[in-house]
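Notes follow once the structure below has been shown.
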Amino acid sequence: MAKSETIQSTVVTEAAGQTTRVPVDVINLVWNYCHYPMSWTFKDGEWLPELTQLSFRKGLNGQGEDGDYRMPKMHAMNKGGVVIEPGNPRLGKHRGYLVTVPAFLKDTQSPGRFYCSKWETPTVLGNRTVKWRTDTVGYREFLLHLVDSGIIEPISRIAIEAKIDELSGRIDHLMSMPQNPLSDLTIERLKKDLEGMTKSLDSYEDEYQPQEIDILHEEESIVPQKMTGKPKKV
Amino acid sequence: MAADTYASLSDLRVAAYLNQVLFQLLHEPLDLRQTMVEVPFSAGAGSAAAKLGLIQPIDAFTAPGEDTAASVVNITDSSATLTVARYALEREITDLALITGGPSIDDLAGWMAMSANYTIAGLLTAAFPSLATSVGTSGVNLSVDDIYSAIYALQLSSVPGPFFCVLKPKQWNNFQASLRGEAGAAQFSPATNEALAIKGPGFKGMFAGVEFYTHGTCVTANAGVDVVGAMYGKGCYAFTEAPLDKVMPLMNKAISPPGSKVVVEISRGSTGAKAGKVFATGQYYPAVAEVEDLRGVKIVTKA
């Protein structure tokens, strides 16, 4: 198992030259990025994987006192998840995406470490207000790299069609409601997204071909085919 | 001579006296165990891990023909694992602090039970991102549509009710804002005093048959852009708490708050660095596991 890397991140405060603890809701929660096959989002004309954070904590999903992360990882992988370890060499320059900042729990003031991605930077004002800024360009680059490097498989036709159905239903619902300028803008934005999603499906190249099934020998005649296509950016 | 005043009797007055009632600071009081299935832990069974066997009880009959043998249909089974781990919370108070006022050891023990609720709720919310099914749009505030999407997703998998929805307070605010623009039959029923007494603080009310709760420990996603709540049916998550019955007799003095599996071990040091101090250490052995992924859906919306 590749060794995870965490580096001390730098907290920016409004007081020049002063480093402080960041007020957070959760401390000391180690995690790795994880991707499930149906988790995708359509942004600026292309499909981006939507990552979740697989948490590692003793007592959670089979992780015991020995701190072995394999049980929760297996649990995610059994559901089709791909766990992206921070030390994976295929991440290239994005390796070591998991960093820590000194933090304290908002409610109890207990000190600890907050594990975040390297694209997040907190700015603390006073001792209670914190603004998290995200380097969206860097994060997007990371997401695209995950697909290009083969760590995550490209989005499948099934996922695209499911997202199109979901969005169509949402637009239909909004259009059936009493409309106002805000809902008009929302509908317009969603329709643009739908158009983009549909175009990406039209340009989808895959090698899937429907098969003839022998009814009498059904089990032997069906050979699962792997879809290897990739939608083009619209 | 002038009258004796409050200011003139300064030797007989103090700047401020300590009110006997302790007011509690803002904290997360919600006990989310009621949304999970409790699995009793069998102490002495030989492992810290409890394996939960899952089985599909039904299968369709086939019609093989009047004189044809039926094919074997294998039983579908699965499992989930609850592995307990030690969690502890220690307080140290000097003798002089105890002599001169509170909090008392009994107070500390009671608050440790609340801390245990907070800890196990944190385990549950940390498990939300592991759900494979997701609703909501990254970077967009939660709306009523997202709640309905979650309900539809659970109904598609034939998940029986009741449904529980645990949101980050920000998501709850967004939901309320979105509700203001809703018209139609579905109405939000805020928590009544009776409901709060049963379900505890943190219960927000019911909408479309779903019980709503908020908890501050819901984690973030997508490089901090979003937060992750969840909607799930009973049976999606299970928890267990190992009893400390075998260990309690070995403790010098132990308090077990009523209705809690936490045991607060009290000890006192009289020499060295521990001299003149009372130690109250809460010992707690919880575990939470996702039992069946299809019974839950995560709600990922803008932080």
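Throughout, a chain's letter reflects where its sequence line sits, starting with A, and its residues are numbered from 1. All figures in this text were calculated on a predicted structure; none of them were measured in a lab.
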B:Leu131 portion near chain A, given a 4.5 angstrom heavy-atom threshold: backbone

Residues of residues 80-87 of chain B contacting chain A, heavy-atom criterion under 4.5 Å, by residue number: B:Thr81, B:Thr83, B:Ala85, B:Arg86, B:Tyr87

Greatest number of heavy atom pairs closer than 4.5 Å to chain A - which of B:Ser78, B:Ser130, B:Ala221, B:Gly224: B:Ser130

Check: A:Trp31 and A:Leu54 side chains under 4.5 Å, non-hydrogen atoms: no

Ring centers of B:Phe207, B:Phe175 separated by less than 6.0 Å: yes

B:Thr240, part contacting chain A, at a heavy-atom distance under 4.5 Å: neither

Segment of B:Ser71 engaging chain A (4.5 angstrom heavy-atom cut-off): neither

Aromatic plane relationship, A:Tyr97 with A:Trp119 - under 30° parallel, 30 to 60° tilted, over 60° perpendicular: parallel

Residues from residues 56-66 of chain A approaching chain B under 4.5 Å (heavy atoms): A:Arg57, A:Lys58, A:Gly59, A:Leu60, A:Asn61, A:Gly62, A:Gln63, A:Gly64, A:Glu65

Note: A:Arg140-A:Glu46 ion pair, threshold 4.0 Å (strictly below): yes

Contact list for residues 164-183 of chain A, test salt bridge (charged side-chain N to carboxylate O under 4.0 Å, His left out), sequence neighbours left out: A:Arg170-B:Asp145, A:Arg170-B:Asp146

Chain A contact via B:Ala127 - which portion, at a heavy-atom distance below 4.5 Å: both

Whether A:Thr134 side chain and B:Ala223 backbone form a donor-acceptor pair below 3.5 Å: yes

Partner chain B: residue of A:Pro37, A:Ser55, A:Ser117 with the largest heavy-atom pair count (under 4.5 Å): A:Ser55

Audit row: B:Asn141, B:Asn173, side-chain contact (heavy atoms from CB on, under 4.5 Å) steps and yes/no: CA-CA 10 Å; B:Asn141 286 337; B:Asn173 288 350; over 6 Å; no

Heavy-atom closest pair, residues B:Gln171 and B:Val228: OE1-C, 4.2 Å

Side chain / backbone / both / neither for B:Tyr118 at chain A, heavy atoms under 4.5 Å: side chain

B:Asp226 side-chain N/O to B:Gly139 backbone N/O, donor-acceptor pair under 3.5 Å: yes

Pairs of heavy atoms under 4.5 Å with chain A: top-ranked of B:Ser138, B:Ser134, B:Ser149: B:Ser138

Polar side-chain atom of A:Asn28 near backbone of A:Arg113 as donor-acceptor pair, under 3.5 Å: yes

B:Thr125 side chain to B:Thr217 side chain, donor-acceptor N/O pair below 3.5 angstrom: yes

Salt-bridge criterion met for A:Glu141 and A:Lys93 (N-O under 4.0 Å): yes

Which portion of A:His35 sits near chain B, non-hydrogen atoms under 4.5 angstrom: neither

Part of B:Val288 lying under 4.5 Å from any heavy atom of chain A: both

Heavy-atom proximity to chain B below 4.5 Å, by part of A:Leu143: neither

Leading residue by heavy atom contact count with chain A [cutoff under 4.5 Å; candidates B:Thr133, B:Asn222, B:Leu123, B:Leu124]: B:Asn222

Distance-minimising heavy-atom pair for A:Tyr36 and B:Pro129: CE1-O, 4.2 Å

Contacting region of B:Ala126 [heavy-atom separation from chain A under 4.5 Å]: both

Residue A:Lys191 excluded, over 12 heavy atoms near NZ under 6.0 Å: no

NZ/B:Lys302: more than 12 non-hydrogen atoms of other groups inside 6.0 Å: no

Residue pairs involving residues 24-38 of chain A (criterion salt bridge (charged side-chain N to carboxylate O under 4.0 Å, His left out); sequence neighbours excluded): A:Asp25-A:Lys106, A:Asp25-B:Lys168

A:Arg70 to A:Asp68 - nearest heavy-atom pair and separation: NH2-OD2, 2.7 Å

Engaged part of B:Lys51 at the chain A interface, taking heavy atoms whose separation is under 4.5 Å: neither

Which of B:Val300, B:Val219, B:Thr220 touches chain A most, by non-hydrogen pairs under 4.5 Å: B:Thr220

